[in-house]
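Side chains are part of it too, since the values below use all heavy atoms of this structure and drop only hydrogens, waters and symmetry mates.
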Amino acid sequence: MTPIELAAELKTLVLEAAEKQSPAGGLSDDEPLFGPDARLDLDSLDALQVSMAIQARFGVRMADSKETRRALGSISRLAEYLAAQLATGQR
């Protein structure tokens, strides 16, 4: 899977797991997913749902809350995190 394909799949996964509609103009790879500047208005329950969906789809468990928070900063950060986890076989 290419980085572009992974990012596209993650956008769909995040929106479906959080039960959100894509924001106007679409979701960019680098925009924040959480916090005051985020257009999706995701909360901690959404983060849990997204992390569970990632585990179900990719077999990668996001156990460390600090690491999870960092990885869920944006689609591009999440893609980098997953690519690294999958490449090293850490699941």
Side-chain angles (χ1 to χ4, degrees):
M1 182 177 298
T2 69
I4 292 172
E5 291 169 334
L6 180 58
E9 184 165 345
L10 287 173
K11 287 176 189 179
T12 301
L13 183 142
V14 167
L15 292 171
E16 288 177 356
E19 299 179 352
K20 300 285 185 177
Q21 297 293 317
S22 184
L27 185 60
S28 75
D29 292 354
D30 294 318
E31 76 176 271
L33 296 176
F34 293 87
D37 297 328
R39 295 187 298 155
L40 288 180
D41 194 31
L42 300 179
D43 59 23
S44 59
L45 180 57
D46 295 318
L48 177 61
Q49 291 172 311
V50 169
S51 66
M52 289 175 22
I54 287 168
Q55 184 173 357
R57 167 60 182 92
F58 297 99
V60 173
R61 186 166 185 265
M62 302 177 79
D64 181 302
S65 63
K66 190 180 244 183
E67 184 178 277
T68 300
R69 195 175 307 123
R70 191 171 28 255
L72 292 175
S74 67
I75 294 295
S76 59
R77 282 192 205 159
L78 185 54
E80 289 171 10
Y81 171 83
L82 278 175
Q85 296 298 307
L86 293 170
T88 60
Q90 294 180 356
R91 293 179 177 216

(message) Contact between Leu78 and Leu6 at the side-chain level, heavy atoms closer than 4.5 Å - yes or no?
(response)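 No. Closest side-chain heavy atoms not under 4.5 Å.
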(request) Keeping to residues at least two apart or across chains, list the side chain to side chain donor-acceptor pair (under 3.5 Å) pairs with something in residues 68-80. (result)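 Every pair satisfying side chain to side chain donor-acceptor pair (under 3.5 Å) with a residue in residues 68-80: Asp30-Ser76, Ser74-Ser76.
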(request) Using the side chain to side chain donor-acceptor pair (under 3.5 Å) rule, collect all pairs that involve residues 32-41, keeping only residues at least two apart or in two chains. (result)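 Matches after skipping sequence neighbours: Glu31-Arg39.
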(message) Checking Ala56 now: which residues fulfil side-chain contact (heavy atoms from CB on, under 4.5 Å) with it, not counting sequence neighbours?
(response)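 Once residues adjacent in sequence are excluded, Ala56 has no partner under the side-chain contact (heavy atoms from CB on, under 4.5 Å) criterion.
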(message) Restricting to non-hydrogen atoms, name the atom on Tyr81 and the atom on Val60 that form the minimum distance, rounded to 0.1 Å.
(response)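 Heavy-atom minimum between the residues: CE2-CG1, 4.1 Å.
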(message) For Ile54 versus Met62, what's the shortest heavy-atom pair and its separation?
(response)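 Scanning both residues completely, I find the closest heavy atoms to be CD1-SD, 3.7 Å.
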(request) Can you run down the salt bridge (charged side-chain N to carboxylate O under 4.0 Å, His left out) pairs that involve residues 2-11, sequence neighbours left out, and say none if there aren't any? (result)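 As it turns out, the salt bridge (charged side-chain N to carboxylate O under 4.0 Å, His left out) pairs with a partner in residues 2-11, which skip direct neighbours, are Glu9-Arg57, Lys11-Asp29.
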(request) Drop me the distance from Leu33's CG to Leu40's CG, to the nearest 0.5 angstrom. (result)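 One finds 6.5 Å between CG of Leu33 and CG of Leu40.
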(message) Distance check, rounded to the nearest 0.5 Å: Leu15 atom CG versus Ile75 atom CD1?
(response)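 Reported to 0.5 Å precision, the distance equals 7.5 Å.
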Pair up each side-chain donor or acceptor in residues 43-53 with any protein partner under 3.5 Å, not counting sequence neighbours, and list the distances.
from	atom 1	to	atom 2	distance (Å)
Asp43	OD1	Leu45	N	3.1
Asp43	OD1	Asp46	N	2.9
Asp46	OD2	Asp43	N	2.9
Ser51	OG	Ala47	O	3.3
Ser51	OG	Leu48	O	2.9

